[in-house]
Enquirer: 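Got a structure here, written out as structure tokens. Questions coming.
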Amino acid sequence: MKENSKEQLNARSTSESGIHTDFTNNMTYSEYLQLDRILSSQNRLSGHHDEMLFIVIHQVSELWMKLIIHELDSAVSSVRSGNLAAAFKMLARVSKIQQQIKESWDVLSTLTPSEYMQFRDKLGQSSGFQSYQYRLIEFMLGYKTPHILTIYKKDPDLHHILLKALHSPGLYDAAIEALSKAGLTIDPDVLNRDFTQPYKPHETVEAAWLEVYRNVERYWDLYELGEKLVDIEDWLQQWRFRHMKTVERIIGFKTGTGGSSGVNYLKKVLDQRFFPELWDLRTKI
Ligand code: HEM
């Protein structure tokens with residue numbers, strides 16, 4: 001009796017529910033997502049059980065970074081063309097992704113120092129420091145570090161992508177341009193700055209943001225833009241902090257595989273700022 005009802009259920013799930021089971025001439029879920037390529041890219045060099053976690057966490061983070069870059073690219077264009085509403089949608093998505101990536105440190109924290117030391121030497125000198133997508137995000141947000149490009153000399157395609165981003169205005173440059181287009185005074189030296197260099201805070205930019213934050217009704221769009229940027233920097237710093245603490249938990253104060261001082265380097269990176277005036281104005285308002 002029980003078996004019969006199981007069969008009946010199975011029959012219903014394939015025929016009555018309309019679920020497709022014959023894919024002789026149709027594309028499947030795996031084919032569309034190219035899962036054969038993605039799911040065969042977890043090559044554990046040590047064969048150690050926990051190396052799978054280490055690889056998957058990095059790959060998942062890189063996939064999320066890919067989506068962040070996709071969104072930021074369009075968001076910068078939208079801000080530059082004055083379509084702020086479209087940019088807000090994309091920037092809100094970026095912040096949600098950042099929250100997701102930050103949560104992944106909780107999973108990685110289950111890796112103990114003894115487990116990691118059993119396969120760490122297999123990484124050689126490779127390190128997240130060489131993540132070109134991470135650098136691309138930094139460049140798109142306006143934090144430019146030209147010296148980093150030497151890492152990618154051996155890959156002309158990557159080198160070209162980063163070089164282009166280095167020379168292009170970042171999200172903060174686009175936001176400052178929007179302030180100027182709204183009639184707020186910005187020094188022309190800032191508007192025509194050398195985009196290959198890291199952004200340096202400027203008094204006219206701070207005065208313009210202060211004007212926006214003191215008159216939110218009048219400058220609602222720019223005010224919302226400012227807060228979206230603060231969200232992004234806030235989440236990025238939270239990611240950096242959790243990275244630093246997770247690294248301390250796993251390798252203590254050992255030097256990094258990329259050659260840096262390790263945790264001390266990661267602590268120093270926390271001082272880098274993307275949108276300085278948007279933070280400084282909070283003391284003055
Ligand atoms: C056991 C896990 C991890 C350890 C021990 C670790 C360690 C380190 C260390 C020591 C550095 C400084 C550069 C160096 O000397 O290598 C670094 C940089 C970096 N790591 Fe990790 N990391 C881990 C996981 C991850 C994960 C999951 C990601 C995600 C993509 C990641 C992304 C990065 C990035 C982007 C940098 C460059 C940071 C900057 O220069 O601002 N790391 N990591």
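The analysis underlying the following values was restricted to heavy atoms, covering all of them including side chains, and did not include hydrogens, waters or symmetry mates. Atoms within a ligand are numbered from 1 in the order they appear, just like the ligands themselves.
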Enquirer: Side-chain contact test, heavy atoms from C-beta onward, threshold under 4.5 Å: evaluate it for Asp155 versus Tyr132 and give yes or no.
Expert: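 Of all side-chain heavy-atom pairs linking Tyr132 with Asp155, none is under 4.5 Å.
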
Enquirer: For atom 21 (Fe) of ligand 1, which protein N/O/S atoms fall under 2.8 Å? Skip waters.
Expert: His243 NE2

Enquirer: Report yes if Trp239 has an N/O atom closer than 3.5 Å to an N/O atom of ligand 1; otherwise report no.
Expert: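 No, no N or O pair falls under 3.5 Å.
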
Enquirer: Would you give the length of the straight line joining atom OG1 of Thr246 to atom CZ of Phe241, rounded to the nearest 0.5 angstrom?
Expert: 9.5 Å

Enquirer: Pull out every atom of ligand 1 sitting under 4.0 Å from any heavy atom of Ser61, numbered as shown with elements.
Expert: 29 (C), 30 (C)

Enquirer: Do Leu91 and Asp231 have side chains that approach each other closer than 4.5 Å (heavy atoms only, starting at C-beta)?
Expert: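 In short, these two side chains do not touch, never coming nearer than 4.5 Å.
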
Enquirer: Counting each atom of ligand 1 from 1 as listed, which ones have a heavy atom of Ile57 under 4.0 Å away?
Expert: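 Under 4.0 Å from Ile57, ligand 1 has these atoms: 27 (C).
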
Enquirer: Considering only protein heavy atoms, which is closest to atom 26 (C) of ligand 1, and at what distance to one decimal place?
Expert: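 Its nearest protein heavy-atom neighbour is His58 NE2, 3.2 Å.
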
Enquirer: Within a distance under 4.0 Å of any heavy atom of Gly258, pick out the atoms of ligand 1 and give their elements.
Expert: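 Here the atoms of ligand 1 in question are 14 (C), 15 (O), 16 (O).
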
Enquirer: Regarding Glu138 and Arg240, does a basic nitrogen lie under 4.0 Å from an acidic carboxylate oxygen?
Expert: yes

Enquirer: Charged N to carboxylate O under 4.0 angstrom, Glu62 versus Lys66?
Expert: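 Judged by the 4.0 Å cut-off on N to carboxylate O distance, Glu62 and Lys66 do not form a salt bridge.
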
Enquirer: Is the shortest side-chain N to carboxylate O distance from Asp106 to Arg242 below 4.0 Å?
Expert: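 Between Arg242 and Asp106 there is a salt bridge, with a charged N closer than 4.0 Å to a carboxylate O.
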
Enquirer: Looking only at distances, please establish whether an N/O atom of ligand 1 is found under 3.5 Å from an N/O atom of Ser260.
Expert: yes

Enquirer: Would Glu233 and Tyr143 satisfy side chain to side chain donor-acceptor pair (under 3.5 Å), going step by step from the backbone distance to the final call?
Expert: CA-CA 11 Å; Glu233 178 158 349; Tyr143 184 73; over 6 Å; no

Enquirer: To the nearest 0.1 Å, how far is atom 1 (C) of ligand 1 from its closest protein heavy atom, and which atom is that?
Expert: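 I find the closest protein heavy atom is Phe54 CE1, 3.5 Å.
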
Enquirer: Should we count NE2 of His167 as having more than 12 external heavy atoms under 6.0 Å?
Expert: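 Correct, the count exceeds 12.
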
Enquirer: State the atoms of ligand 1, each with its element, that fall below the 4.0 Å cut-off from a heavy-atom position in Arg135.
Expert: 37 (C), 39 (C), 40 (O), 41 (O)

Enquirer: Hey, can you tell me if Tyr265 and Phe129 have their rings parallel, tilted or perpendicular (30° and 60° cut-offs)?
Expert: perpendicular

Enquirer: Does one hydrophobic cluster hold both Trp235 and Met140, with members joined at side-chain heavy-atom distances below 4.5 Å?
Expert: no

Enquirer: Report, as yes or no, whether the 6.0 Å neighbourhood of atom CZ on Arg218 holds more than 12 heavy atoms from other residues, nucleotides or ligands.
Expert: no

Enquirer: Please write down residue, atom name and distance for the protein heavy atom closest to atom 38 (C) of ligand 1.
Expert: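 The closest heavy atom on the protein side is Tyr134 CE2, 4.0 Å.
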
Enquirer: Using a strict cut-off of 4.0 Å, indicate which atoms of ligand 1 neighbour a heavy atom of Met65.
Expert: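 Every atom of ligand 1 under 4.0 Å from some heavy atom of Met65: 30 (C).
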
Enquirer: Between Arg193 and Glu177 (salt bridge meaning N to carboxylate O under 4.0 Å), is one present in this structure?
Expert: no

Enquirer: Just go through Ile101, Val60, Val269 and tell me whose heavy atom is the nearest to atom 41 (O) of ligand 1.
Expert: Val269

Enquirer: Is it the case that Asp22 and Thr24 place a side-chain donor and acceptor less than 3.5 Å from each other?
Expert: yes

Enquirer: Taking non-hydrogen atoms only, is Trp105 closer than 4.0 angstrom to ligand 1 via side chain, backbone, both or neither?
Expert: side chain

Enquirer: Starting from atom 40 (O) of ligand 1, find the nearest protein heavy-atom neighbour and note its residue, name and distance.
Expert: Tyr265 OH, 2.5 Å

Enquirer: Number the atoms of ligand 1 from 1 as they appear, then name those within less than 4.0 Å of a heavy atom of Gly262, with their elements.
Expert: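 Near Gly262, the atoms of ligand 1 are 10 (C).
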
Enquirer: One residue to check: Leu108. Relative to ligand 1, which of side chain, backbone, both or neither has a non-hydrogen atom less than 4.0 Å away?
Expert: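 Looking at Leu108 and ligand 1, just side chain atoms fall under 4.0 Å.
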
